[in-house]
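Input: a single structure, listed below in structure tokens.
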Amino acid sequence: MKIGVFITIMVMASMSVYGQISSQEAIKKLSFIEGKWEGKASVTTGPGQTMQLNQHENVELKLGGKILSVEGKGYNEDKLEFNAFAIITFDEAKQEYEMLSWLASGQKTKAYVTVHDDKNWEWGFDVPQGKVRYFVTLNEKGQWSEKGEFSPNGKTWYPSFNMLLDKK
């Protein structure tokens with residue numbers, strides 16, 4: 001009788017993880033941006049105001065492919081204007097991505113990550129004035145294309161960021 005109960009518990013436990021993906025499998029879906037990248041970025045800094053940057057991104061898989069680290073640096077001429085670092089992980093128990101990012105200014109954000117397919121994913125977060133979201137794509141030329149949008153109400157979206165990078 002005890003063996004039957006034990007077997008039933010083990011079968012039920014194994015069924016609860018059936019269909020779940022591991023953190024390595026999940027992070028692999030984002031790894032198309034792994035490597036060193038360079039290109040141009042345009043950032044909206046206010047109404048009718050944009051800043052052009054020479055953007056550099058360094059993306060590495062860490063801890064056996066369970067973490068993706070991303071560091072971005074944007075230069076206006078030779079001056080560093082933008083520096084951010086992010087870590088993306090996958091919570092196997094919740095079956096969801098987690099992203100933490102930091103700016104050189106000390107600001108930090110906890111963001112959502114949603115994978116759309118093997119060459120498209122989205123990340124975003126709430127800000128006091130509304131919502132921000134970014135769409136990351138590997139285009140047909142093998143370039144990292146990223147577009148950002150801001151919404152004050154979650155319904156109407158305004159372009160706020162545009163980046164196009166080549167792998168080095």
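For reference, positions follow the sequence shown, starting with 1.
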(message) List the residues meeting salt bridge (charged side-chain N to carboxylate O under 4.0 Å, His left out) with Lys131, not counting sequence neighbours, and say none if there are none.
(response)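 In terms of salt bridge (charged side-chain N to carboxylate O under 4.0 Å, His left out), with neighbours along the sequence ignored, Lys131 is linked to Asp126.
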Any donor-acceptor N/O pair, [X] side chain to [Y] backbone, under 3.5 Å:
X      : Y      : value
Glu98  : Asp91  : no
Ser151 : Thr156 : yes
Ser31  : Glu34  : no
Tyr97  : Ala26  : yes

(message) Taking Val115 as the starting point, is it possible to reach Phe125 by hopping between hydrophobic residues whose side chains are less than 4.5 Å apart?
(response)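 Linked within one cluster.
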(request) Determine, using ring centers only, whether Tyr158 and Phe150 are less than 6.0 Å apart. (result)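 Ring centroids of Phe150 and Tyr158 are no less than 6.0 Å from each other.
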(message) If you take the centroid of each ring, where Trp contributes its six-membered ring, are Phe161 and Tyr134 closer together than 6.0 Å?
(response)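 Yes - the distance between ring centres of Tyr134 and Phe161 falls below the 6.0 Å cut-off.
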(message) Going by side-chain hydrogen bond (donor to acceptor under 3.5 Å, both in side chains), name the residues that satisfy it together with Ser42, two or more places apart in sequence or in a different chain.
(response)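 Residues passing side-chain hydrogen bond (donor to acceptor under 3.5 Å, both in side chains) with Ser42: Gln52.
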(request) First locate atom CG of Leu103, then atom CZ of Phe85, and finally report the distance between them rounded to the nearest 0.5 Å. (result)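 So the CG of Leu103 and the CZ of Phe85 are separated by 12.5 Å.
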(request) Using the side-chain hydrogen bond (donor to acceptor under 3.5 Å, both in side chains) rule, pick out the option among Glu146, Lys147, Lys40 that qualifies with Asn162. (result)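 So the option named by the test is Lys147.
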(request) Answer yes or no for Arg133 and Trp123: cation-pi contact, defined as NZ/CZ to six-membered ring centre under 6.0 Å and angle to ring axis within 45°. (result)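 Ring-cation test returns no.
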(request) Test Ile27 against Lys66 for side chain to side chain contact (heavy atoms under 4.5 Å, CB included), laying out the working first. (result) CA-CA 6 Å; Ile27 295 300; Lys66 294 180 181 170; 5.6 Å; no
(request) For the pair Lys36 and Glu38, find out whether any cationic side-chain nitrogen is under 4.0 Å from an anionic carboxylate oxygen. (result)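 Result for this pair is no, no salt bridge flagged.
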(request) Inspect the contact between Lys79 and Glu77 and indicate whether a charged nitrogen and a carboxylate oxygen are less than 4.0 angstrom apart. (result)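 So Glu77 does not pair with Lys79 through a salt bridge.
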(request) Verify the neighbour count for atom NZ of Lys167: are there more than 12 heavy atoms of other residues, nucleotides or ligands below 6.0 Å? (result)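 Above 12, so yes.
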(request) Would you name the heavy atoms of Glu149 and Ser160 that are closest together and state the gap between them? (result)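 Smallest interatomic distance, heavy atoms only, reads N-OG, 3.4 Å.
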(message) Does any part of the side chain of Leu30, heavy atoms only, come nearer than 4.5 Å to the side chain of Ile33, both counted from C-beta?
(response)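 Ile33 vs Leu30: side chains apart.
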